[in-house]
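One structure is given here, and the rest of the page talks about it.
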Amino acid sequence: MPMRSFLLLAPLIAIVFANISRAQETQNEAANAKQSSAAIQTEKDSKVTAPKVIVFDVNETLLDLAGLKKSVGEALNGREDLLPLWFSNMLHYSLVETMSGEYHDFSEIGTAALMMVAEREGIELDRESANAAIVHSLRSLPAHADVREGLERLSKQGFRLVSLTNSSKVGVETQLKNAGLTELFEKRYSIDQIKKYKPHPDTYQMVLDDLGVQPGEVLMVAAHAWDLAGAKNVGLQTAFVKRPGAALYSNVQEPDVIVNDLNELADILSEVKH
């Protein structure tokens, strides 16, 4: 092509390529939007059906454990890096007591577990101080920011709301009162009524029997994979709340729905119900 002809056509060629480029960008944007929409849809998609009753775990699921972690860290001479070990020990020995037929309430197990960690690390800590670090903080935990609004929305949608916790009966009544949540629950169950800790099947069955409902009519909501594994084993529907640091356990059935907070759960159940 003669140079003069090329120079005359160059602007047209540039426009053509620019249009092609814009078309490709538009296609890419559409594809990305479709993927994003699919991701959102996948996040909201669930196997859950509208339950008659929603059962809520309390500690960490509804109540923020930050204050408890700070108090325990102070009891361990500021060693907040030991908090996961303490919490794991507390859960571990609650299961040990259940399997061996023993029973102490959750704060007593927490106190003993805290003293075990302190002894292992060479930190001086007496039982009275360990107990004080746990009981006062555990019973005065605030609710997560989304909790009250989420519970109110679910209640207005017509769901029956109850709680089920490993805390003692006196403990959970104090916890919910201090967090301003008591009136939002029809009933507040504690495992000390049967002296077996979640995720033992009898803890969930206790709630089913008392309310006179079938497992598939109940949704268990928790931020703990072990709690949901126990509920799923009994036949309950399950919802996992992704609180900070919470993760799922891959060797059991996935929850029926996974949400970031209770408002998202209310959105999903509103769609499912209607």
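- The residue from T165, V172, N166 that alone fulfils the side chain to side chain contact (heavy atoms under 4.5 Å, CB included) condition with I191 is N166.
- Here the side chain of S71 pairs a donor or acceptor atom with the backbone of A133 at under 3.5 angstrom.
- One hydrophobic cluster, built from ILVMFWY side chains closer than 4.5 Å, holds both L68 and M116.
- By the rule that hydrophobic residues join a cluster once side-chain heavy atoms approach within less than 4.5 Å of another member, V58 and W226 end up as members of one cluster.
- Using modelled atom types and a 3.5 Å distance limit, the side chains of S129 and D126 yield a donor-acceptor pair.
- In this structure, a donor-acceptor pair under 3.5 Å is absent between the side chains of N131 and S107.
- The CD1 atom of I109 sits 11.5 Å away from the CG atom of N89 when rounded to the nearest 0.5 Å.
- Checking E124 against N77 by side-chain atom types alone, no donor-acceptor pair falls below 3.5 Å.
- Here the straight-line distance linking atom NZ of K195 with atom OG1 of T98 works out to 11.5 Å at 0.5 Å rounding.
- With no hydrogens or angles considered, a side-chain donor-acceptor pair links D227 and Y204 at under 3.5 Å.
- We find that D267 and R153 are joined by a salt bridge, their nearest charged nitrogen and carboxylate oxygen being less than 4.0 Å apart.
- Residues L161 and F159 are in side-chain contact: their nearest non-hydrogen atoms beyond the backbone lie under 4.5 Å apart.
- In this model, a donor atom of one side chain and an acceptor atom of the other lie less than 3.5 Å apart for Q237 and T49.
- Within the 3.5 Å criterion, the main-chain N or O of S140 finds no donor-acceptor partner in the side chain of Q175.
- Within the 3.5 Å criterion, the main-chain N or O of K169 finds a donor-acceptor partner in the side chain of D192.
- Here E149 contributes atom CD and H144 contributes atom NE2; the two are 15.5 Å apart, rounded to the nearest 0.5 Å.
- Atom NZ of K242 sits about 7.0 Å away from atom CD of E264, to the nearest 0.5 Å.
- One hydrophobic cluster, built from ILVMFWY side chains closer than 4.5 Å, holds both V53 and V257.
- Salt bridge present: E152 and R148 bring a charged side-chain N and a carboxylate O closer than 4.0 Å.
- A 4.5 Å side-chain heavy-atom check between L248 and P255 finds at least one atom pair inside the cut-off.
- The OG1 atom of T174 sits 5.0 Å away from the CZ atom of R139 when rounded to the nearest 0.5 Å.
- Surrounding CD of E254 are at most 12 heavy atoms belonging to other residues, nucleotides or ligands under 6.0 Å away.
- Between L262 and F56 there is a side-chain heavy-atom pair separated by less than 4.5 Å.
- Interatomic distance, NZ of K52 versus CG of L219, reported as 14.5 Å (0.5 Å rounding).
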Q.
Applying salt bridge (charged side-chain N to carboxylate O under 4.0 Å, His left out) to E80 and K69, what does each step give before you reach the verdict?
A. CA-CA 7 Å; E80 292 194 6; K69 293 175 180 178; over 6 Å; no
